[in-house]
Amino acid sequence: MVTADKRRSGKGDVEGGDKYSVLLPTYNERENLPLIVWLLVKYFGESGYLYEIIIIDDGSPDGTLEVAKQLEKIYGSDKILLRPRAKKLGLGTAYVHGMQHATGNFVIIMDADLSHHPKFIPEFIRKQKEGNFDVVSGTRYAGNGGVYGWDLKRKVISRGANFITQVLLRPGASDLTGSFRLYRKEVLQKLVERCVSKGYVFQMEMIVRARQLNYSIGEVPISFVDRVYGESKLGGNEIVSFLKGLLTLFATT
Ligand code: GDD
Ligand code: MN
C-alpha cells in the first residue's frame, strides 16, 4: 500500500488541496464536447476544487479536435489540455495516453457523450474523502443507479457482461463495465501497468486488478443516460474482444 507521506510527495500534488484531472476520450463527439466541458467547468467551479480537463481525440473525422481547440481558447490552456492522437487506437489506450499527461493527484475517467453527468463528480470526491478510497466507481447496478434510454439488446449485453464477470472473477464491485470512475493517480498508474486489454474490456480488467492488489473501492450510484448526439462505438467486434479478454483474465488470475 502507498503511505500518506508518499502520496503527499507525489508529482502533481498541490499544496493544501487535491487536484483532479478529468480524462475525456473523444471519437466523433463534436456536438457533445462543448456541453460536457461547460458542465465540468460549472460543477468544478461551484465546488472550488482544482482541476484540468484532458481531451484525447483520436483523429475524429467530424472535426472534434477543432471544437476542442475553441474550448481551449475559451477556458484557457491551464484548464483544457489537448492530447490528440493521429487515429482511432481504442478507448483503453486513450486513457493511458491521457493519464501520462495528468498533473492532478486524482484522475477521473468519464465518457464525453453526456452519458456520464458531471453533477456526480462532487459525490465521487466526497465518497473518496469519506473512506480514503483508492478508487471510487460509479455504479448503475446498486442503490439509485440506473440506465436510461438503452434498448433491450444493449441492456442485455451490459447486464450479461457484468453477470458472467461476477460469476467468473468475483471482483466484489457492482458495476464492472462502467467507466465513470475516480482513481488516485498512482493507483491508476499501477493498475494500467498490469492491464493487458485495450478496448472496452479495459474497464472490467481495471476493477478486477484493483481487487487483486487490495486497493479499496468505494461506489457511488449514477444514472447513465444514453447519448442524444452521435453514436456508440461499441460494436460486435468489441463484444467479441470483451469475451476474449474476460476468458484471458479468468485463465490467468
Ligand atoms: N479517443 C478515443 N478513441 N475515444 C473513444 C474511442 C477511441 O477509440 N472509442 C470510444 N471513444 C469515446 C467516445 O467518444 C465516448 O466519449 C466514450 O469513449 C465512450 O464511447 P461510446 O461509444 O459512447 O461508448 P458506449 O456508450 O457504447 O459505452 C459506454 O458503456 C460501456 C458499458 O456500459 C462506455 O461508458 C463504455 O466505456 C462502457 O464500457
Ligand atoms: Mn456512450
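The first residue of the sequence shown is numbered 1, and numbering continues consecutively from there. We count ligands from 1, going down the list as the structure has it; atoms in each ligand are counted the same way.
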Decide side chain to side chain contact (heavy atoms under 4.5 Å, CB included) for V220 and V136; before the verdict, give the C-alpha distance in whole Å, the side-chain angles of both, and the deciding distance to 0.1 Å. CA-CA 7 Å; V220 170; V136 174; 3.8 Å; yes
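Side-chain contact, Y20 with Q128: no donor N or O sits under 3.5 Å from an acceptor N or O. Judged purely by distance below 3.5 Å, without hydrogens or angles, the side chains of E219 and S174 pair a donor atom with an acceptor atom. Using modelled atom types, one finds a donor on one side chain and an acceptor on the other under 3.5 Å when comparing E52 with S21. Checking T103 against K19 by side-chain atom types alone, a donor-acceptor pair falls below 3.5 Å.
Proximity of the aromatic rings of Y95 and F202 is defined here by a centroid distance below 6.0 angstrom, and this criterion is met.
Pairing each heavy atom of W150 with each of S158, the nearest pair is CZ3-CB, 3.5 Å. Summarising the geometry of R181 relative to G138, their closest heavy-atom pair is CG-N, 4.3 Å, with the distance given to 0.1 Å.
If you look at ligand 1, the protein residues with a non-hydrogen atom under 4.0 Å away are P25, T26, Y27, E29, I56, D58, K88, G90, L91, A94, D111, A112, D113, H116, R140, W150, R154, T177, S179, Y200, Q203, F224, R227, S232, K233, L234.
Neighbouring protein atoms of the Mn ion (ligand 2) (N, O or S, distance under 2.8 Å, waters ignored): D113 OD2.
At most 12 heavy atoms of other shown residues, nucleotides or ligands fall within 6.0 angstrom of atom CD in E231.
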